[in-house]
2 protein chains.
Amino acid sequence: MEDPVDIRLATAVSQDPRATLAQLSERIGLSVSAVQARLKKLESNGVITGYQAILDPEAIGKPLSAFIEITPLDPSQPDNAPELLEPLTAIEACHSVAGDAAYMLFVRVASPRELEALVNEVRRTASVNTRTTVVLQTFYEHRPILAP
Amino acid sequence: MEDPVDIRLATAVSQDPRATLAQLSERIGLSVSAVQARLKKLESNGVITGYQAILDPEAIGKPLSAFIEITPLDPSQPDNAPELLEPLTAIEACHSVAGDAAYMLFVRVASPRELEALVNEVRRTASVNTRTTVVLQTFYEHRPILAP
DNA sequence: GTTGAAATTCTAGTCTA
DNA sequence: TAGACTAGAATTTCAAC
């Protein structure tokens with residue numbers, strides 16, 4: 001994706017995914033149908049991979065979040081932790097990382113009690129050690145990748 | 001937010017924020033207008049804080065991501081790192097955390113070269129030490145908070 | 001919450017440069 | 001090929017019940 005118009009469109013959409021085609025077309029300076037065609041292409045190209053509603057974690061009863069670094073107990077064993085952990089819906093993100101740990105998870109739970117249960121379940125499920133870093137406050141997150 | 005209908009609605013919306021009111025109304029079992037009214041309330045209540053388009057980081061030229069833990073150089077100084085760092089648009093998230101570091105950042109950049117520059121800028125801007133953990137592979141992220 | 005009708009938006013076919 | 005135009009379908013919106 002190098003086309004400057006596509007970049008402007010992706011920027012506009014990532015900042016306001018609910019904008020109507022008419023609003024986008026005004027912002028971009030193209031007709032509604034041109035915007036629609038480009039948007040469809042961005043979606044089918046996989047540039048826009050999806051849309052997400054951002055919910056307030058506290059409002060939905062998950063005020064506690066944490067990073068969990070995990071390290072396989074037995075490095076000689078085949079390691080499919082991400083797959084094994086996928087059913088745990090408290091896990092919002094799973095990355096493999098360079099450094100001390102093998103993977104970094106980001107999780108959201110209702111309480112310390114639930115975090116403990118989750119950590120234990122992660123350990124059992126994936127046969128790993130964990131190192132948990134609790135989030136005390138979130139200043140910002142979900143900031144758009146593309147700046148204006 | 002305890003109302004079970006609101007929870008179902010928030011769940012449905014978080015899984016498909018582009019669903020039409022008609023689709024949601026069918027899934028929820030309420031009329032279109034009732035769904036619209038509840039949705040508006042969820043938005044104005046701050047339960048739904050926003051919407052986001054998810055872009056493919058590689059497609060938009062930011063294939064490299066990393067966690068940066070930061071620690072103030074001088075713990076006796078007033079610490080407003082999140083505020084100081086906010087203008088750096090490569091930073092997607094900023095949390096204060098318990099543990100060794102004071103803050104955890106998640107950043108996206110175009111290249112190792114750019115990551116180096118960003119880390120240096122973070123250090124300079126906020127007068128902090130940093131510990132960077134590079135992401136090698138992302139298995140999943142942006143998973144909805146509310147499971148069905 | 002529901003209904004229903006008007007306004008807006010989306011969609012897709014067609015035309016033009 | 002990309003954009004513009006247009007008519008018909010779908011959706012959103014909002015009043016009245």
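Sequence lines set the chain letters: A, B, ... in the order given, protein chains first and strands last, and positions in each chain run from 1.
Rounded to whole angstrom, the span from the CD1 atom of A/Ile28 across to the P atom of D/dA4 amounts to 12 Å. Here the P atom of nucleotide D/dA10 and the CD atom of B/Glu26 are 14 Å apart, to the nearest Å. Distance A/Leu21 CG to D/dT11 C1': 12 Å, rounded to the nearest Å. Between the CG atom of A/Leu30 and the P atom of D/dT1 there is a distance of 18 Å, rounded to whole Å. One atom, CG of A/Leu24, and another, P of C/dC10, lie 8 Å apart when rounded to the nearest Å.
Atoms CG and NZ, on B/Leu9 and B/Lys41 in that order, are 12.0 Å from each other to the nearest 0.5 Å. A/Asn129 contributes atom CG, which lies 12.5 Å from atom CD1 of A/Ile68 (distance to the nearest 0.5 angstrom).
Side-chain atoms of A/Ile70 and A/Leu85, non-hydrogen and from C-beta on, do get closer than 4.5 Å to each other.
Between B/Phe106 and A/Phe106, the ring centre distance reaches or exceeds 6.0 Å.
A donor-acceptor contact under 3.5 Å is not formed by the side chain of B/Thr20 with the base of D/dT12. Under 3.5 Å, the side chain of B/Ser31 and the base of C/dG4 form no donor-acceptor pair of N or O atoms.
In this structure, A/Arg143 contributes its side chain and B/Glu86 its backbone to a donor-acceptor pair below 3.5 Å.
Taken residue by residue, residues 34-51 of chain B places heavy atoms nearer than 4.0 Å to DNA chain C at B/Ala34, B/Arg38.
Contact record, B/Leu146 with B/Ala10: CD1-CB, 3.8 Å, taken as the closest heavy-atom pair.
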